[in-house]
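Proteins come first, then strands; the chains are lettered A, B, ... in the order of their sequence lines, and each starts at number 1.
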Protein chains: 2
Amino acid sequence: MATIEDVAKLAGLSRSTVSRVINNHPYVTERKKQLVYQAMKELDYYPNSSAQRLRKQKTDTIAVLVPSLTNPFFPFLIEGLETVAVENGLQLLICQTHQNKDKERNYLQLLQTKQVDGLIFTSLENDWDSIAPFKESGPIIMCNEYRSEATVPVVRLDQVKGSYLGAKHLIESGHKKIAYCGNNKGELGADRETGFLAALDEYNIEMNNQWIFRDTPSIETGKRILRTILSLEDQPTAVFAGSDEVGAGIIKEAKLQGMQIPEDLAVIGFDDLPVAQLMEPSLTTVKQPIKEMGQKTMEIMVSMLTNQDKVNEDVIELPIQLIKRESV
Amino acid sequence: MATIEDVAKLAGLSRSTVSRVINNHPYVTERKKQLVYQAMKELDYYPNSSAQRLRKQKTDTIAVLVPSLTNPFFPFLIEGLETVAVENGLQLLICQTHQNKDKERNYLQLLQTKQVDGLIFTSLENDWDSIAPFKESGPIIMCNEYRSEATVPVVRLDQVKGSYLGAKHLIESGHKKIAYCGNNKGELGADRETGFLAALDEYNIEMNNQWIFRDTPSIETGKRILRTILSLEDQPTAVFAGSDEVGAGIIKEAKLQGMQIPEDLAVIGFDDLPVAQLMEPSLTTVKQPIKEMGQKTMEIMVSMLTNQDKVNEDVIELPIQLIKRESV
DNA sequence: ATGAAAGCGCTAACAC
DNA sequence: GTGTTAGCGCTTTCAT
């Protein structure tokens, strides 16, 4: 493995000059520059990035914590994050927490061990209090998921409004018995529930506790929820699914059980993932501007990395909107 | 930022001893070990990973090149890769090539700049000849996609058999006019086509060139293909979609156009992704053992990383199987 | 415009 | 068992 020393020797120059060429510094004669390039090529030289990182004290890498990549929401979020990252010469280190507190905490060590320059949460398992101290080690941003106690920039959607919109649509379509799916661990989940209940309240509609489901979102969860609904004496006529995947699972299982959607059961999803329009009937849903959320987040990260002084604690809220299709 | 030096001073020991404790070396008195732990805690010390990497000349990181994370096939593959990686103390650096030759080539620099210890291709845009030289810089494996010229271990499926199975099922269900979707850039695509044509050949069925579609797989592609099929004078009665996403797009669009599946058009997918069972009718498909493929690949990577001598050029072939559902 | 020298933080011989 | 020392490969003052 050739080192910068080898290149310098072969080019008959000093290490400094070679380094200047590598880093595109001004004030290097064109002639010597060529000499260096030639030597680098001849030796098949590439700078060792561990050495560069150690010396420069930065990695140009950002950790992105996601619960799982098999939930299609996150690949789309990453798409947005990556676009802006690449434009700014940053690399993404994608970390799956699999909803595990310990794993999440371990990934914070990436910041402490200087393996990444910054970190982005797209979900959060641990309490904010246990996260806060890590701000010392580098910029942290919350994207998608959020905590009001969080003392870092937050890029989020108005979840209260989102679920309010969804519930209202269901109500205005004539439904009074509406089931609700969604975990309420994080603030995101709590806000969604708030918005949902606010709509019900506005129309003086009562909630039945049997119609609340708190499982983690997945297709299987949707199927299970549908079966539970069928086993109920007092059955809802509509269901607000916490995600398109749950909504899809509900629709699929409902049809398997011989139900008509939306006649026997109206379903509304959340996210507007590709699967929403593939379903039969297509899934009415609350659309999140996922990619934009990722882009905005990375823009903030970039500015935090450059303007280290200007501490940013803003909350950026992106628009959310109802997409009417056939399942309601 | 505390360094190992600070810890050593505070503990009243040498850097070496601290280092030994960090790396769990034997032969350190329990008493001094405790002293070190205490000092580390007091100083909130974490070893700088760039320094460790530079010194140890390894990163315990493996680059995984995927075309895109929004194609759900790859998150599942990554799931398999990650399981085994984590068991062996390895980290994954996930790199999206977005089907771009230059990006793909640039990611190879990760190996040259010693930012990763090994690299896994799950797809390949460039010629093998242009990849081969990079073997010098570290272990490379192909997983999923493959090239017969490749001089590295390959973990793959019998694609010829897969598409043969699919085509045969279509034929035995009475179809003689079968459309085929799939790109034929890589060897994987070519093999699939071979298997497909072999089945046709076996049953003396002719292929119509108008029924061949070579676009990149996506839901949109599926929709477009269906519309093209409808515009044909001589229309196929069945279609072998190259992936479940294409199959799903075809089914969705077909129903939009008032067709009955499988009566008016039988559809068979590939992969067995979650969307296959969500469709109405559910999608008959050729199932790939995606997770297993990832696991096997990472096991080989681990062994290459440890037994550096034993050069492994094996081709591991995993089983592939037909899943009969309702779309045929 | 270029080179010499110091040092980023760590590990691993080697010596005792 | 523990400390001393050299050095991984690079960048960046500082001096010229």
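Taking a cutoff of 4.0 Å between a charged side-chain nitrogen and a carboxylate oxygen, A:Lys185 and A:Glu125 qualify as a salt bridge.
Rounded to whole Å, the distance from CZ on B:Arg31 to P on D:dT2 is 10 Å. With rounding to whole Å, A:Leu54 atom CG is found 17 Å from D:dG7 atom P. Atom CG of A:Leu13 is separated from atom P of C:dA1 by 15 Å (rounded to the nearest Å). Distance A:Glu5 CD to C:dA5 C1': 13 Å, rounded to the nearest Å. Summarising the geometry, the separation between CD on A:Gln115 and P on C:dG9 is reported as 17 Å, rounded to the nearest angstrom. In this structure, A:Lys58 atom NZ and D:dC10 atom P are separated by 17 Å, rounded to whole Å. In this structure, B:His25 places its NE2 atom 12 Å from C1' of C:dA13, rounding to the nearest Å. Rounded to whole angstrom, the span from the NZ atom of B:Lys56 across to the C1' atom of C:dG9 amounts to 13 Å.
With respect to A:Thr122, the side chain to side chain contact (heavy atoms under 4.5 Å, CB included) criterion is satisfied by exactly one of A:Ile141, A:Val64, A:Thr297, A:Ile78: A:Val64.
Counting non-hydrogen atoms of neighbouring residues, nucleotides and ligands closer than 6.0 angstrom, the NZ atom of B:Lys9 reaches no more than 12 such neighbours. Within 6.0 Å of the CD atom in B:Glu42, the count of heavy atoms belonging to other residues, nucleotides or ligands does not exceed 12.
Closest to the side chain of B:Thr17, from the set C:dC10, D:dG3, C:dA12, is D:dG3. For A:Ser14, the side-chain atoms get nearest to C:dG3 when compared with the rest of C:dC10, C:dG3, D:dC10. Of the listed nucleotides (C:dG9, D:dG9, C:dC10), C:dC10 has the atom at the smallest distance from the side chain of B:Ile4. Side chain of A:Pro47, nearest nucleotide from D:dC10, D:dG1, C:dG9: D:dC10.
When heavy atoms are screened at a 4.0 angstrom cut-off, B:Ser16 is found touching base atoms of the nucleic acid. Backbone-only engagement by B:Lys32 is indicated by non-hydrogen atom pairs under 4.0 Å involving sugar-phosphate atoms exclusively. Counting any heavy atom pair closer than 4.0 Å across all strands shown, B:Arg20 reaches a base atom. Contacts of A:Arg15 with the nucleic acid, taken as non-hydrogen atoms under 4.0 Å apart, include base atoms. The residue B:Thr3 sits close only to the backbone: its heavy atoms come under 4.0 Å of sugar-phosphate atoms, none of a base.
Close to C:dC10, at under 4.0 Å from its OP1 or OP2, lies a side-chain N or O of B:Tyr45. Between C:dC8 and A:Gln52, no contact under 4.0 Å exists linking OP1 or OP2 to a side-chain N or O. Taking 4.0 angstrom as the limit, B:Ser50 places none of its side-chain polar atoms (N or O) nearer than this to OP1 or OP2 of C:dC10.
There is a side-chain donor-acceptor pair under 3.5 Å between B:Glu30 and B:Gln34. Counted by atom type alone, A:Ser123 and A:Glu145 present zero donor-acceptor pairs between their side chains at under 3.5 Å.
In terms of position on DNA chain D, the residue among B:Gln57 and B:Tyr27 whose nearest nucleotide sits closer to the 5' end is B:Tyr27.
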